[in-house]
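Notes follow once the structure below has been shown.
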Amino acid sequence: MIGSRFRAVLGIAAAQLRHERGRTLLAIVAVALAVLATTILASVGYGVVETGQEKFDTSGRDLWVTGGPLKFSPGAVGGFENTLVDSHRVAADIEQREEIQTAVPMSFQTVYASTDGEEFQTVVGVGAPARGPSVNVINGSEFSTRDTHYANGTYDGPMSHEIVIDERTADQLGVEVGDSLYVGGTLSAARQNEFEVVGVSNTFSAFVGSATVTMHLSELQEVTGTTDSDRATFISIDVHDGADVGQVEREIQADYPSYDVRTNEEQLEATLREQAVLIASGISLVAFAVAAGVALTTNLQFSLVYQRRDRLAAIKAIGWRTRTLVAVTTVKALVVGILGAALGLVLTYPGVAVVNEVAAAIAGFEGLVQLSTEILVGGLVLGVVISFLSGLAASVLIARVSPLSYISR
Amino acid sequence: MSSRNQERGVAREGATETEVIAACESLVREYTRGSGGGWFGSGSLPTVRALDGVSLSVRRGEIVGIEGPSGSGKSTLLHLLAALDTPTAGELRVAGEDVRRLSERGRAKLRLEHVGLVFQRFHLLPALSARANVALPLVELGWSKRQRRERATSLLADVGLGERATHRPGQLSGGEQQRVAIARALATEPDLLIADEPTGELDTATGRQVLDLFEDLGEDHAIVLASHDQPTLAIADRVISLRDGRVQGADR
């Protein structure tokens, strides 16, 4: 008996959904949009964390030293402020420790670059040793020497004038290994500093997602006029195999209390914490999308109940219990929810591809938006919940429809 | 009184102990006018007496018409007889049940099993076929699909719509829709049929067909119909005239 009633409820719900195609479609689209907005924003968040973690993991570094909280600065190159001063000395001191293999200061700075000293473009200048196992050179070679220009704080050593570019810079400026590039923090400084492209590597552009030119830190400081404070974005530390990274971290932190020493994971967390406003905005957008989905589908359900209240009243009058009517409404809501969620999930794939294209074009990061099974399942659940809530709200309204109020009209 | 009424009247005279389906005695229904008055309300809102001491009994095989101007209490009396509402005072029994003692759920069950309702504006579900509309009450009774289908098909054939079972209300004329509504009211084989202005939305010819149908049904059911329309009331065995919630004069 219950089975036949349930099947009848399913049949009536299906017939009504088919009959009200326009409304059904609208409700499905509302749910789909809420699901789509949520899955894409969640994919962005997931992708940022995953990409960031991957970058830190593949950097081959164990610890990072910064000159205070890592600050996002849209005006600053690479989104980082160069807050670490006296970087060469600090790095050298750290490297003296027994557990430390290397301690390398790195800096990011906007520079002008030109092939002829006439027409300049801005690219990200990276001050880092483009040599060693952590640097993946695609074409040409790595730096032939260590940083010889920095001579114990005097910057009196000879500049190598070697530069490694990434593929985007090569395309952007039309240069290849063996060509010359004029690079400087100002146009006049750039005209006076000619570098030879010795190799092509995307290792450093992966940090900032932009076209980069990499030179020794002291040479970058020289051509950008920042040698007086010896600023860097951070010092990356590689410890010997078998060393206790946590212990080393604590010791360095104790010796340099004004700096922040972090592991890869902590550094990523700190970076994300600095993006709190951005993250909050993303979460708010998700919340708004969900609220809009609930509001839209509930409004549709409400208007449907309101418009059909005379018929609902008549059905109650002939003896249908409220719970049977509610069952029809709930089934309709669930069907809309499942179809809406499915549509939202199907649209998520092209959506993610489009956002990735845009992110790659604007920020330079590829594959920034990443989907996961959890996100897809979450989207499905969200769609069903949104629709179920709207069905629940409509059910309250149905329960309040009095047969007496409408059947005489 | 029509010839068919006369025939039925003769038959009824031969069976004086015909079953009483609905009966009321000194029925009173009062409504409170206005809302609750909110936090600052006086708490003593004026009441309106929609029905004032109405007594009536309806027997199986009898068609009772109710007439009266707007506000006379016709709809209130119909709602009470249909167990859609409960009286403020007085006795009311429908199909042997004391309506005052029934819960809302109990009254819904009473309506489902013993009362068939026909509305002026049909109130069919536009998404469903005529057959599915007729079968709606049977869903609540838990009948199987096959049983519902057979019963609805048979009833539609009885009201002359056997060929239109799969049509939706939007594909039917007003008269056809009302016949579907009547078939729906008959689905659970109710004892009492209640119709509120059943021809109010129909043209004269179509209304006549519907009234013929009621006359045919009058053999086996107790029927109460309210109307302003004299041809509609003409099919009734007796007509009760209501004025200001009271029965006026003798039945005619």
Side-chain angles (χ1 to χ4, degrees), chain A residues 1-25 27 301 304-332 335-336 398-409, chain B residues 31 70 74-76 78-80 82-86 104-105 107-129 132-149 168-170 181 184-185 187-188 190 194 196-197 200 226:
Chain A
M1 185 189 258
I2 291 172
S4 69
R5 187 181 297 164
F6 181 66
R7 281 195 295 277
V9 163
L10 287 180
I12 291 167
Q16 290 189 335
L17 286 171
R18 277 198 306 272
H19 187 71
E20 295 148 357
R21 284 190 192 91
R23 286 175 192 272
T24 302
L25 194 65
Q301 292 272 19
L304 205 61
V305 171
Y306 186 77
Q307 201 177 33
R308 305 272 188 270
R309 63 197 188 283
D310 52 348
R311 290 184 191 126
L312 290 168
I315 300 296
K316 278 188 171 184
I318 65 172
W320 265 41
R321 281 176 291 180
T322 298
R323 76 176 189 192
T324 313
L325 280 169
V326 165
V328 172
T329 302
T330 305
V331 166
K332 283 164 66 179
V335 170
V336 165
I398 287 172
R400 295 177 64 177
V401 170
S402 162
L404 279 177
S405 307
Y406 301 107
I407 57 172
S408 297
R409 294 179 184 177
Chain B
Y31 295 107
S70 294
K74 292 194 306 294
S75 293
T76 303
L78 283 189
H79 293 159
L80 288 167
L84 284 164
D85 198 5
T86 50
E104 194 169 328
R105 192 168 170 179
R107 286 189 282 119
K109 187 169 182 288
L110 175 68
R111 291 197 300 273
L112 185 66
E113 293 174 353
H114 298 287
V115 182
L117 287 166
V118 178
F119 310 104
Q120 178 179 352
R121 299 177 73 174
F122 328 134
H123 293 314
L124 301 174
L125 295 190
L128 304 183
S129 67
N133 266 290
V134 172
L136 272 178
L138 307 176
V139 170
E140 190 62 46
L141 285 176
W143 285 31
S144 71
K145 185 177 181 179
R146 186 181 56 78
Q147 288 173 316
R148 292 198 307 265
R149 193 182 175 88
R168 291 209 181 93
R184 178 180 66 184
T188 60
I194 291 184
D196 191 4
E197 298 282 7

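A, B, ... follow the sequence lines: proteins, then strands. Residue 1 opens every chain. None of the values given here were measured: they were computed from a predicted structure.
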Applying a strict 4.5 Å limit to non-hydrogen atoms, the region of B/R107 in contact with chain A is neither

Turns out that what part of B/L124 lies under 4.5 Å from chain A's heavy atoms comes down to backbone

Counting heavy-atom pairs under 4.5 angstrom with chain A, the leader among B/R105, B/Q147, B/K109 is B/R105

* To do: Taking the side chain as every heavy atom from C-beta outward, state whether B/D85 and B/Y31 have any atom pair closer than 4.5 Å.
  => yes

On a heavy-atom basis, the closest approach of A/S4 and B/R148 is O-NH1, 3.8 Å

Which pairs would a plain distance check flag for residues 318-332 of chain A, meaning a side-chain donor or acceptor within less than 3.5 Å of a matching protein atom at least two apart in sequence or in another chain?
| from | atom 1 | to | atom 2 | distance (Å) |
| --- | --- | --- | --- | --- |
| A/W320 | NE1 | B/L136 | O | 2.8 |
| A/R321 | NE | B/E140 | OE2 | 2.8 |
| A/R321 | NH2 | B/E140 | OE2 | 3.2 |
| A/T322 | OG1 | A/K316 | NZ | 3.4 |
| A/T324 | OG1 | B/E140 | OE1 | 2.7 |
| A/T324 | OG1 | B/E140 | OE2 | 3.3 |
| A/T329 | OG1 | A/L325 | O | 3.1 |
| A/T330 | OG1 | A/V326 | O | 2.7 |
| A/K332 | NZ | A/Q16 | OE1 | 3.1 |

Okay, A/I315 and chain B: the region with an atom under 4.5 Å from a heavy atom over there is side chain

Counting only heavy atoms from other residues, nucleotides and ligands, does the tally under 6.0 Å from CZ of B/R149 exceed 12? no

Those residues at least two apart in sequence (or on a different chain) that pass side-chain contact (heavy atoms from CB on, under 4.5 Å) with B/A82 are B/L84, B/V115, B/L117, B/I194

Under 4.5 Å to a heavy atom of chain A? For B/P126 that would be both

